Enquirer: 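I'd like to ask you about the structure that follows.
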Amino acid sequence: MAINQIVTPLDSAVLETKEQYKVYFKIVAHALNELVNSIEKENICTDAETTFVKQYCELLTYSLEAFRIKYLFDDDERMRVDLTESGFPNYLEFRYLYNDLELKQEHVSKLPDVSKVKAEFLETLLKEKQPINDRKLHQAASVIYYSSVEKQFIYKRFVQGKILPVMGLDAEHMVSWSFYDVTANRPFICFMYFDLHKEKVEDVKREIYSVLESTADRNMDIDMMAYAIDKKLPYVFPKRIKKIDLGPLHSVFAKDELEITHVILKAIVEKTFDLSAYAISLHISEAVSTSEFKEGNFFNKQVLQVWEKSKAKNYLFCPHRVMQAMYDNIPETINSLTGNPIEIPSLKLE
């Protein structure tokens, strides 16, 4: 199947051919890279937050490259793009990838040496003047996959960031974390700004990390997340919590019913857009502590925060031609965004 024959039936989310893999990974990696650049350029996040967003997106991009190598010459397995409002790989793909690397040494021991594979390729191409068969290509991809992909750089379901001091804000510390929501099948990045009561960071950081992983590892209303964290950490006084929802990614591979996605799909079908046309949404929700109250009995009272949700901010990042199509077809949806769509470079497929 050629690139221009890729179809997107809503009941199918499987990438079937090498060409589809190449196009898909190029679109997702390009979109994430341009998203980070625009977040920095448009001052959507603070400098410190932007640094963490970049690091988490680098983990995602690294994982995508690992997927590309893993599936490129595998005729038995197919990678699945999520069916919901996502456009990203299904969460199980990340889980399988991590499990693969847990057994890395076992797999490597069954594969031929890299130098032997190279020698066979040169023999076939230069002396025999024959193309490399698919089985050998798959074998070579497996060698590269298991010998070059590092487990510690794979994006996991929950990724914990370090606690850092804060300068110039009404809180002493900041901590970040990221998670891949199993239901939405999208990555989220969170930040919490907080003070400590008679405690040192080193003494409570393990407890903070544990509570974040057990309490704030999935998508939920921001005030519910804030209260749950506050309730389980009596020595921590959270002041501000921010959640960034990366996606959905709207492209030829998206399988949702969103208006933005279907404007792109329709234009691709009508040959108005190239196959590489894309847009990526970004949603930011934030809760701020406005006051405190005490909860519990006389002997066991806990100071908790009163949370106020800010109005959610919704952004759309897309190339200029896609932006024009959005204004022409769904102006009300575009006008409901926090600001005008933010222009990012288009992607040219070779």
Side-chain angles (χ1 to χ4, degrees), residues 1-10 12-39 41 57-58 60-75 77-83 86-90 93 131-132 134 137-138 140-141 144-145 148 186-187 246-256 258 260-282 316-326 328-329 341-350:
M1 183 184 292
I3 293 180
N4 60 5
Q5 292 178 304
I6 293 177
V7 294
T8 59
L10 293 177
S12 175
V14 180
L15 300 188
E16 295 285 359
T17 69
K18 297 178 179 63
E19 292 298 329
Q20 290 184 14
Y21 282 113
K22 290 177 183 178
V23 174
Y24 178 75
F25 290 125
K26 282 182 179 180
I27 290 175
V28 182
H30 178 83
L32 285 174
N33 183 62
E34 296 304 333
L35 176 66
V36 172
N37 292 339
S38 291
I39 287 175
K41 183 179 178 181
C57 285
E58 284 175 349
L60 278 167
T61 304
Y62 184 90
S63 301
L64 288 166
E65 176 63 13
F67 286 139
R68 187 189 69 80
I69 297 170
K70 175 181 179 179
Y71 286 110
L72 191 55
F73 297 106
D74 193 336
D75 294 326
E77 297 292 335
R78 297 286 185 267
M79 199 191 81
R80 286 167 172 77
V81 178
D82 188 67
L83 282 167
S86 168
F88 289 96
N90 188 282
E93 295 292 344
I132 308 296
D134 286 344
L137 287 172
H138 181 204
I144 296 172
Y145 173 54
S148 63
R186 295 197 303 269
L246 295 176
L249 173 61
H250 315 274
S251 75
V252 69
F253 296 99
K255 308 297 176 183
D256 56 62
L258 295 171
I260 294 171
T261 299
H262 280 266
V263 168
I264 292 175
L265 292 179
K266 182 181 177 183
I268 291 174
V269 170
E270 295 174 348
K271 308 298 184 183
T272 306
F273 287 170
D274 294 333
L275 195 68
S276 59
Y278 74 99
I280 185 166
S281 295
L282 185 78
L316 181 68
F317 302 80
C318 56
H320 184 68
R321 287 190 66 199
V322 175
M323 190 186 305
Q324 288 179 318
M326 297 299 166
D328 291 341
N329 291 275
I342 298 169
E343 183 177 349
I344 53 180
S346 59
L347 170 65
K348 293 183 182 293
L349 299 175
E350 295 179 0

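As the structure is a computational prediction, the values presented were derived from the model and not from experiment.
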Enquirer: To the nearest 0.5 Å, how far apart are CZ in Phe253 and CG in Leu275?
Expert: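 Between Phe253 CZ and Leu275 CG, I get 6.0 Å after rounding to 0.5 Å.
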
Enquirer: Taking all atoms of both residues into account, what is the closest heavy-atom pair of Asp256 and Leu258, and its distance?
Expert: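 Closest heavy-atom pair between Asp256 and Leu258: OD1-N, 2.9 Å.
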
Enquirer: Can you list everything that forms a salt bridge (Lys or Arg N to Asp or Glu O under 4.0 Å) with Glu65? Sequence neighbours excluded, please.
Expert: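 Once residues adjacent in sequence are excluded, the partners of Glu65 under the salt bridge (Lys or Arg N to Asp or Glu O under 4.0 Å) criterion are Arg68.
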
Enquirer: Using 0.5 Å steps for rounding, measure from the CZ atom of Phe317 to the OH atom of Tyr278.
Expert: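 Result: 10.5 Å between the selected atoms.
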
Enquirer: Once rounded to the nearest 0.5 Å, what's the spacing between atom NE2 of His30 and atom OG of Ser251?
Expert: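 Going from NE2 on His30 over to OG on Ser251, the span is 12.0 Å.
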
Enquirer: Just do the side chain to side chain contact (heavy atoms under 4.5 Å, CB included) check on Leu35 and Leu246 with the steps written out, would you?
Expert: CA-CA 9 Å; Leu35 176 66; Leu246 295 176; 3.6 Å; yes

Enquirer: Please identify each residue that fulfils side chain to side chain contact (heavy atoms under 4.5 Å, CB included) with Ser346, with sequence neighbours left out.
Expert: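 Checked Ser346 against side chain to side chain contact (heavy atoms under 4.5 Å, CB included); matches are Pro319.
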
Enquirer: Test of understanding: with side chain to side chain contact (heavy atoms under 4.5 Å, CB included), list the residues that count as partners of Ala267, not counting sequence neighbours.
Expert: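 Here the qualifying residues are Thr272, Phe273.
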
Enquirer: Compare every heavy atom of Asp274 with every heavy atom of Ile268, then report the nearest pair and how far apart it is.
Expert: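 That closest heavy-atom pairing would be CG1-O, 3.6 Å.
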
Enquirer: I need the Leu282 CG to Ser38 OG distance, nearest 0.5 Å.
Expert: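 Between atom CG of Leu282 and atom OG of Ser38 there are 10.0 Å.
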
Enquirer: Are the side chain of Ser276 and the backbone N or O of Leu347 linked by a donor-acceptor pair below 3.5 Å?
Expert: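 Indeed, once roles are kept as given, a pair shorter than 3.5 Å links the two residues.
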
Enquirer: List in chain and number order the residues that pass side chain to side chain contact (heavy atoms under 4.5 Å, CB included) with Asn37, two or more places apart in sequence or in another chain; answer none if no residue qualifies.
Expert: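 With neighbours one apart ignored, the set is Asn33, Glu34.
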
Enquirer: What residues form a side chain to side chain donor-acceptor pair (under 3.5 Å) with Gln324, not counting sequence neighbours?
Expert: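 Applying side chain to side chain donor-acceptor pair (under 3.5 Å) to Gln324 gives His320.
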
Enquirer: As an exercise, state the distance from CZ of Phe67 to OH of Tyr62, rounded to the nearest 0.5 Å.
Expert: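 OH of Tyr62 is found 12.5 Å from CZ of Phe67.
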
Enquirer: Once rounded to the nearest 0.5 Å, what's the spacing between atom CD1 of Ile27 and atom CD1 of Ile280?
Expert: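 One finds 11.5 Å between CD1 of Ile27 and CD1 of Ile280.
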
Enquirer: Got a sec, which residues hit side chain to side chain contact (heavy atoms under 4.5 Å, CB included) with Ala279, two or more places apart in sequence or on another chain?
Expert: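 Once residues adjacent in sequence are excluded, the partners of Ala279 under the side chain to side chain contact (heavy atoms under 4.5 Å, CB included) criterion are His250, Ile260, Ile264, Leu316, Cys318, Val322.
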
